[in-house]
Every structure is written in C-alpha cells, then in structure tokens.
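Structure record follows, encoded as structure tokens.
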There are 2 protein chains.
Amino acid sequence: MQVRALPPTTVARLPGYLRSLGGLASEGVLTTSSEQLAELVGASPAQLRKDLSYLGAGGRRGVGYEVDHLRKQIAQALGMTEERRFVIIGIGNLGHALATYTGFSDRGFVLVGLFDADPEVIGTTVGGHAVQDVAHLEDVVTAADASIAVVATPASVAQATTDRLVAAGVTGVLNFAARTVRVPDGVDVREVDLGSELQILGFHARQRAGAPAAPVESVEPVPDPTA
Amino acid sequence: MQVRALPPTTVARLPGYLRSLGGLASEGVLTTSSEQLAELVGASPAQLRKDLSYLGAGGRRGVGYEVDHLRKQIAQALGMTEERRFVIIGIGNLGHALATYTGFSDRGFVLVGLFDADPEVIGTTVGGHAVQDVAHLEDVVTAADASIAVVATPASVAQATTDRLVAAGVTGVLNFAARTVRVPDGVDVREVDLGSELQILGFHARQRAGAPAAPVESVEPVPDPTA
DNA sequence: TCATGTGAACTCCTTCACAGCT
DNA sequence: AGCTGTGAAGGAGTTCACATGA
C-alpha cells in the first residue's frame, strides 16, 4: 500500500508544492531537500516532511527528494494523471477572466463549456469558446462528462445553478458567487469570496492601527503596562 | 474591555457572517438566532456562538441576536468603520476583472490606483480608473495612504512588486500570482491561487473515482470488510 | 555525517453540554 | 421555557526531537 488518508490541510498544500517543484525542475534542479522546498513554499521543513510522508514520497535519508519523482507522486495524488473537464457558468467580468485564465489549462484542466443567461453574452466567443445558453447546461455537462464546475454567477442564482450542476453529475464546485452554496454529501465545494479576502486583510490592518483586539505580535516583548 | 484576541479561523468566518446578516437585514429581519444564522452560512450553531462571543456580541439569552447590532459589531471588528484604500497591480485578464469587481467597493474598500508595466495597457481606463505606470507605484501608495494591495502580476515579478509595495507602506497583500510571496513580520499576505483550488477539487474527484487514498465518507456506515 | 520518517508533545480549533439570563 | 455564553472535552493539525537508514 502507499497512500492511506490525506488530511485536508495536506491536500490543500500539495498544489503549492507541485508549483515550486515545477520551478526547480525548470531550473534543472534534480534533487531537493525538505529545507529548500519549505523555504520556497513558505512552510516548515517538518511540515513538509510530514505531508510528503503521507504520500509515501520516497525521499532518501541523507540525500533528499528527487524532484522529478516527487512531482509525479504529487500529481498522481491530486488526480492529475487523468484528464479533468470543467465548465464555467456566468461570463461576467470575473467569469470572463476565468475563461481566459491560463492557470487552469496549465495544470491539465480542460474547459469544455461556458454558459450564461444573458442573450447579449450568449453566442459571443471568449477564449476560443462560444458562450452557450445556460439552459443547455445539463446536456453539455453530461455529454462531456465534466466533473468540476466554476460558478461565477450573480449571488441570486448561485444555489439554483449549483443544484442543477450537481444533478447533472458534477462532483466539485468552485464558487465565486457572493453566497455560500449548499451541496449534498459526496460533492465538494470550495468557496472563494474575493471581498472576504480583503476584509480579512482589513482586520489585520485595523490591528496594526492600534485597535482593541487580537494580540499584535510586537517585535519586543513589551511588558504589560496595565500590570 | 470588549474584544480580546480573535482566533484567525474566527476572523476568516466573520465576512461570511456579515454577508448573511446583510441578506437578513434586506429582508427586514430584525432578530436572528445562532441556529438560523448557522444554517445560512453553513456552520454549526455552537461555532457561531463561540465566534460571536469573542466579539462580546451581546446576544440575549432566550431571544437571539439583533441583526443590526450584530452587523455593526462585526463591521467594527473587521475595521470597516474606517475607509481602507487599496491598489491593484497587474491589469491583465484577472486584474481587469478585479478592477471592475463590485464586491470590493460594496464592502467599503476604495480603489485608489491601477498599475501595469505594459505600455499598451498604461493609459487605458478600466472601471473608471486610468492605468498608471507601475514605476509610479510608490508615489500613489504613499500619497493615497493605501494599506492594502492586490497583486495580479505575472509570477516572475510578484515578489519584487510585493517588496516595493511593502516598502511603500502597504500592510496587507492579496496575492493572485502563481508564486508564494514572502513578506516581513507585521505584513499580512493572503494567497489566492485559482489553479490550486481546482487541483484540490481534482483530488476529491479522484477519490470518488475509486482511487487508493483518503477515506470516502460513504452515506451508509459500511462495515469494514477487512475486519 | 546527513536528511528523512515518525511517534509524541503541544497547540489550536471545534463540539459538547449545561449553567445562566431573559 | 428558550437561547445564549462558556468551561471542558474531544479532535485535528503542527512542531519537536530523535531514531533510522543511506
């Protein structure tokens, strides 16, 4: 046996590892260490070794990891050995950018359909794909056997759209709509709310401005003046 | 005293709570319960109460939370009582979409500058803002007192751009570039890698296809056949 | 000698369950 | 009676530190 159960946190870090390994490979590096790779991805060497050990990564003690082998190993764990087809629903500003984003195809994902509900948008070509009427969503998802969908619709229709996608056989949803969507067990959702990301940064900016909240990691251990 | 220290996980959930509360408010709902709100955001009631208790949320036992008061409380915790100015660097497909994305201004963030290095892009107008030469980055960040930056540059210049931003006084960076950026203590980064998000979904898709890895949550508690 | 692999300690987060107000 | 607030229990993830093997 090789792989048992990967903690979700480990899975979430694997793409980053793979990215950095790709960088090393393109520089002609053949072997790396947990310390070097950790530095590149911004993690601790111990965490990296623990993560890789779940994969049965096959590092050599005293030597390190073979870059190429490690890449294959992670790619396999992430299911990149098979082709994954995906669709994008909602071709507004964000959907448009996502449709032309090279980061998806770079990683082996194949875009098989763009959909929108706006007659003005339907029929236009974006990134080499004609935008189709969202009414035909199920047909395409089924015919192309798409397992992943990117939802970039207005918040008001995000849930209904997701329900349709799931009914059509999609098992993974990347949701950019400003609304949390519910899915049945066995289906996976990742919520990406760009506004929330800024707000989280805003929280920390507030801390720095001297607001009464979370402990600010001061460089020097200042003695508590209230003590 | 009111607020002490918010766990990072709690901070990350607050924007979602705020979003759902906004929905309730627009429906004219005056009071809510941890159970109702938890259902909306997809969390457990206990977690919600715990999170809100860190804020000194002021729910009434036997009654619930006053929607309007709670919104103010969370908004304050997130530093939304002050205006936050931000800039976007890299006006490619993604940067373009981000510049016209309404989710930022909806939440009180004020865009004060767009930057790019491409002469073809510099001078064009996107979302009512003229794209400026990235050479002038520091001037604008300083003059407008921008505390947050959105990095949507090619990976190759993401680190250098971030360094410049930090030197100019930015304390929060939202990084979309396909490379992890390093920042000094006291500066906050959030990495959003869209390709990674799909890959994480790809992992789970692979599980479902019957791959030898993580435990699939089966609907029925199947007895272990190896026992 | 060197860097991995890994049990164990530790820290953090979540869930539980009920006391405490309204 | 009802729902929050919260110690305490439980679970998960991270870090430590060293045995292990090249």
Side-chain angles (χ1 to χ4, degrees), chain A residues 1-14 16-17 21 24 29-71 73-74 77 200 203 213-215 217, chain B residues 1-14 16-17 21 24 29-71 73-74 77 200 203 213-215 217:
Chain A
M1 77 199 75
Q2 58 168 18
V3 178
R4 265 289 163 233
L6 301 189
T9 47
T10 294
V11 173
R13 282 187 292 266
L14 292 181
Y17 298 167
L21 285 167
L24 288 175
V29 177
L30 298 179
T31 301
T32 187
S33 65
S34 63
E35 193 178 338
Q36 179 183 37
L37 192 50
E39 167 67 25
L40 286 173
V41 302
S44 74
Q47 178 160 83
L48 219 137
R49 289 202 299 277
K50 178 76 71 173
D51 283 343
L52 296 183
S53 77
Y54 289 124
L55 303 180
R60 285 169 210 265
R61 299 169 198 237
V63 181
Y65 301 90
E66 198 198 325
V67 171
D68 219 55
H69 178 67
L70 198 49
R71 290 179 74 190
Q73 203 113 17
I74 296 176
I200 295 167
F203 170 83
E217 308 86 41
Chain B
M1 79 198 75
Q2 58 167 20
V3 178
R4 266 288 162 230
L6 301 188
T9 46
T10 294
V11 173
R13 281 187 293 266
L14 291 181
Y17 297 168
L21 285 167
L24 288 175
V29 176
L30 299 179
T31 300
T32 187
S33 65
S34 63
E35 194 178 338
Q36 179 183 36
L37 192 50
E39 168 65 25
L40 285 174
V41 300
S44 74
Q47 178 161 83
L48 219 136
R49 290 201 299 277
K50 178 73 76 174
D51 283 342
L52 296 183
S53 76
Y54 290 123
L55 304 179
R60 285 170 210 267
R61 298 168 199 239
V63 180
Y65 301 91
E66 197 198 326
V67 171
D68 219 55
H69 178 68
L70 197 49
R71 290 179 74 190
Q73 204 112 15
I74 296 176
I200 295 166
F203 169 83
E217 307 85 42

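Proteins come first, then strands; the chains are lettered A, B, ... in the order of their sequence lines, and each starts at number 1.
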Quiz item: Rounded to whole angstroms, how far apart are CG on A:Leu37 and C1' on C:dT4?
Solution: 13 Å

Practice problem: Assign each of A:Arg49 and B:Lys50 to its nearest nucleotide of DNA chain D by heavy atoms, then name whichever residue's nucleotide is nearer the 5' end. | Solution: B:Lys50

Quiz item: Below 4.5 Å, heavy atoms only, C-beta onward: do B:Asp51 and B:Arg13 meet side chain to side chain?
Solution: yes

Quiz prompt | Close side-chain approach of B:Leu24 to B:Gln36, heavy-atom, < 4.5 Å | solution = yes

Quiz prompt | Spacing of B:Asp51 atom CG relative to C:dT14 atom P, expressed in whole Å | solution = 7 Å

Exercise. Starting from the 5' end of DNA chain D, give me the residue, A:Arg60 or A:Pro7, whose nearest nucleotide shows up first.
Key: A:Pro7

Quiz item: Rounded to the Å, how far apart are A:Glu35 CD and C:dG5 P?
Solution: 15 Å

Exercise. Starting at atom CG of B:Leu6, determine the distance to atom P of C:dC13, rounded to an integer number of angstrom.
Key: 11 Å

Quiz item: Which sits closer to the 5' end of DNA chain C, A:Gly62 or A:Gly58, going by the nucleotide each is nearest to?
Solution: A:Gly62

Quiz prompt | Distance (rounded to the nearest 0.5 Å) between B:Tyr17 OH and B:Leu37 CG | solution = 7.5 Å

Quiz prompt | Side-chain touch A:Leu55/A:Leu6, heavy atoms, less than 4.5 angstrom | solution = yes

Quiz item: Do A:Tyr65 and A:Arg49 come close enough that some side-chain heavy atom pair is under 4.5 Å?
Solution: yes

Self-check item: First and last nucleotide of DNA chain D, 5' to 3', lying under 4.0 Å from heavy atoms of chain B
Solution: D:dG2 to D:dA8

Exercise. Check every strand shown and say whether B:Pro8 touches a base, only sugar-phosphate, or nothing at a heavy-atom separation below 4.0 Å.
Key: sugar-phosphate

Quiz item: Could you state the CG-P distance from A:Leu52 to C:dA3, rounded to the nearest angstrom?
Solution: 16 Å

Quiz prompt | Nearest-0.5 Å distance that lies between atom CG in A:Leu40 and atom CD in A:Glu35 | solution = 11.0 Å

Quiz prompt | Between OG1 on residue A:Thr32 and CD on residue A:Glu39, distance to nearest 0.5 Å | solution = 11.0 Å

Practice problem: Could you tell me whether the phosphate oxygens of C:dT4, OP1 or OP2, come under 4.0 Å of any side-chain nitrogen or oxygen in A:Ser34? | Solution: yes

Quiz item: Once you round it to whole Å, what is the distance between P of C:dC13 and CZ of B:Arg13?
Solution: 9 Å

